[in-house]
Structures are given as structure tokens and as C-alpha cells.
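Just so you know, ligand 1 is whichever comes first in the structure, and atom 1 is the first atom listed for that ligand. From a predicted model like this one, the values you see are computed outputs, not experimental measurements. Residue numbers count from 1 along this sequence.
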Amino acid sequence: MQQNSQGMQMGFGTMSVHVGDQLGAYRAVAPPIVQTATFSFESAREFAEAANERRSSRFYTRYGNPNHLQVAQAVAALEGAESGLVLASGMGTVATCALALLSAGDHVIFQRSTYGGTASLVMNLLARLGITATAVAQSDPAAFQSAITDKTRLILLETPSNPLLEITDLRIVTAMAREAGVLTIADNTFATPINSRPLEHGVDLVWHSATKYLAGHSDASAGVVVGSSELLDRVWDTAIITGAVLGPFDAWLLLRGIRTLSLRVARHNSNGLALARAISGHPAVAAVHYPGLAEHPQHALASSQMTGYGGVLSFELIGGYSAADQFINSLHLWRRAASVGSVESLVVHPAAMWVAMLDNDQLAASGVGAGLVRLAAGIEDTEDLVTDVLEALDKVHTTS
Ligand SMILES: *Cc1c(COP(=O)(O)O)cnc(C)c1O
């Protein structure tokens, strides 16, 4: 249960359906798409007022739009945040946050196992701007503590992490950060607010690749960040300069996706767990990474800060690179596509996918092995997905 801005208690299913519910001019039940780049005013005074209003949703669409506002309110409510901002992609969001909060000479801490784009933001773009960084093993809270210096301004968190599903102890790490006056920002893409709400555990800002579970249908790219109004004002000041503006129609698609979020995530969770259990112990498999498995080294921690474990899991094939390739070629229902969190099941071979983004040393440093396969279970019937995966694993096993 969360409390909405009117102080009403609502469950996550109800909130997914009702928050950001604005009938608009036509009393339409589905919100109108305000497909406009700009808004008009009767007088110079009204124009000037709107021009000077921070985060107005009716001045100029790069500054904000009613469709943005509805989605931002919905995600903020689900995450238990005061405020939110939607942008054109997950990367547009995290890059904007970093540029808003950091200056030359600052230091950031990020996780060894993290989304490739986030690692690239830190190691390439921020590095060029004179912002130094330390990568830490996020399963070791003490590593965060020893990485904090008097120049540290921001800690970038991601839990469960991509693609190894490692868990970060949000309570311990945010307590250390707070003590040192360092801000924390968490990528909650994999967990979704249905499974985890990092703000409740002390994180300052939560961001999502809304392209994934929030939109949920592989049909829109979007990003969202939520937190206090004060921090969101700072992010917005930079967002209107970086200009990663989400089109109103994509904002509408995103809200439509969010309406079924809690139903979809329940199915993603049960499919993820069933697959992880089915794959564990298969003779072609060296290791399975899924925080919902009792044998996951951080299962107890995961259970203490999550209410479900999501649809993403990864596993290492004994046969390495060629086995991973053969496994994916043998699947029938799973599409080889970069993304997670959609209604259809997707599979990737990270070592093959990130070759372009990270060099070999960076890949090895992030802990990705050549035979690692990442599964993102959709919402299909569990038995169909499990059967397809087990048959492909059998094929890999018998030919190796
Ligand atoms: C996809 C993804 C991103 C990047 O989001 P885009 O919307 O593609 O820019 C960031 N973090 C995680 C965990 C992701 O899966």
C-alpha cells in the first residue's frame, strides 16, 4: 500500500490504473494526446508567467507537456516519490541527472556490474569532463565506504544489476552516503516499483529505462526519474538544455503500459522464478543468476528489500561463447533482441551485444563471461517458455 497525493491509501494495482487520471476537456476516459510542440497565451503577462515557471507542463513541450505530467505523476506515486520527470530514454535520463548534479573535479562511485550505457557514461563521457570514478563490487558494502573521498558527490546504484543480477544493500549503502553528504541515484529498471521501491530504503533519486517494464510492450523508448521536488528542479534545469524530450504520443503509450504494470510484473516474476529453477542443475549450465533462488548468495538481502524478483535472469553455459550462440539459435519462442521487460520473451548474449560499447577489458571488469546468456521472460505461459529453454539446453549439452 502507498499513499497518493490526496492521502488516499491504494494498492499498486489500483495506483497503476488511476494515478495520472485526468479526464481533460472531452471527459474522455483515455487521456487525450496533447500532440503539440508549444502552447499559446492571451496576454504578455500570462506568457511571461508560464515562461518563468519551472517545470510548467503548458508552455513548450521541451519544458513539459500534459502527457509528461500524467506519466511522471503515475511513476512518482508508485515509487512513493514527491515528484517525477519523464525524458526520451533511460540513457537520456541518467546522463541528464549526472550532468545536473556533477561538475569538473567531482568523483562518482558506480557498480562493477551495471548497465553498459551507464558504465560508458561514467568511463567515457564523465571522464572527458574531468569527473573521476571508482567502480566497486556492489555485493560488498564496505567497498562503497572505502571508495568515498571528499570529492565524491554521487553514487550510481543498480539493483538487481544487469546482467549478473547482483543485489546492492540499499539501506547500508545509502546510510554511508548520507553520512558523507553524498547523493545516491538508483536504476530501478529491473525491479520496477512493484518489486522494489529504493526511495523507501534511503535512495535520493530513482530512474528507469521506461522503455522496459514500465512501457512494457517494446513499442516506445522513454526514461523517468523520481525523487524530491528540489532535486527534480535541478534535473529539469539541465533537462531543458540537454533536450532529451519525450514525444507526447510516446508519453501516452508509456502511461497506457503502466496501467497494466502490476498484472504484468506478477507474471514476469512467476515466469522468472520458474525458469531459474528449471535451468538450475542442467548439465550444460555452470551457474544461474537469479535473486529469487534460495541458493543465490544474496537471496536473504534480496528478500529484505524486494517483494518479487522480476523476469530477468542470466546463466553461464559450460561451453562458452559458441554454446551461448547455439543455445539462442535453438530457441523458438525467444527473440534475440536487446531489451527486457516486454510482454514477449527476449534473449541476448551479452558478450556479443556489448562488444561495440565496451572494450574487452571493460567487459571483463564488469564480470561478463563469454558463455553468459541473459533471459528476459515475457508474460507467455510458463510451461511454454520452460519447455523451449530446456529443449535448447539439451541440444547444447548433447552436441558439446
Ligand atoms: C535499457 C536499460 C537502460 C537504458 O535505457 P534506454 O531506455 O535504452 O536508454 C538502463 N538501465 C537498464 C538496467 C536497462 O536495462
Kindly confirm or rule out an N or O of Gly90 lying under 3.5 angstrom from an N or O of ligand 1. yes
Side-chain ion pair, Arg45 and Glu49, N-O less than 4.0 Å: yes
Counting both backbone and side chain atoms, is some N or O of Met91 under 3.5 Å from an N or O of ligand 1? yes
Counting only heavy atoms, which portion of Trp207 has something under 4.0 Å from ligand 1: side chain, backbone, both, or neither? side chain
May I ask you to check whether Ser209 has an N/O atom sitting below 3.5 Å from an N/O atom of ligand 1? yes
Evaluation steps, side-chain contact (heavy atoms from CB on, under 4.5 Å), between Thr152 and Phe144: CA-CA 11 Å; Thr152 309; Phe144 287 89; over 6 Å; no
Angle between ring planes, His397 versus His282, binned at 30° and 60°: parallel, tilted or perpendicular? perpendicular
What I want to know is whether Lys212 and ligand 1 share at least one N or O pair that is separated by under 3.5 angstrom. yes
Is Arg256 atom CZ crowded by more than 12 heavy atoms from other residues, nucleotides or ligands, each under 6.0 Å away? no
Is the Phe41 ring parallel, tilted or perpendicular to the Phe59 ring (thresholds 30°, 60°)? tilted
For the residue pair Tyr60 and Tyr63, categorise the inter-ring angle as parallel (less than 30°), tilted (30 to 60°) or perpendicular (more than 60°). perpendicular
Ignoring angles and geometry beyond distance, decide whether Asp187 reaches within less than 3.5 Å of ligand 1 through its nitrogen or oxygen atoms. yes
For ligand 1, which atoms have a heavy atom of Phe190 less than 4.0 angstrom away? 13 (C), 15 (O)
Short version for Ser339: what comes under 4.0 Å of ligand 1, heavy atoms counted, is neither
In ligand 1, which numbered atoms sit nearer than 4.0 Å to a non-hydrogen atom of Ala222? 7 (O)
Shortest protein heavy-atom distance from atom 4 (C) of ligand 1, along with the residue and atom involved: Tyr115 CE2, 3.4 Å
Given side chains that start at C-beta, do those of Leu331 and Val389 come closer than 4.5 Å, heavy atoms only? yes
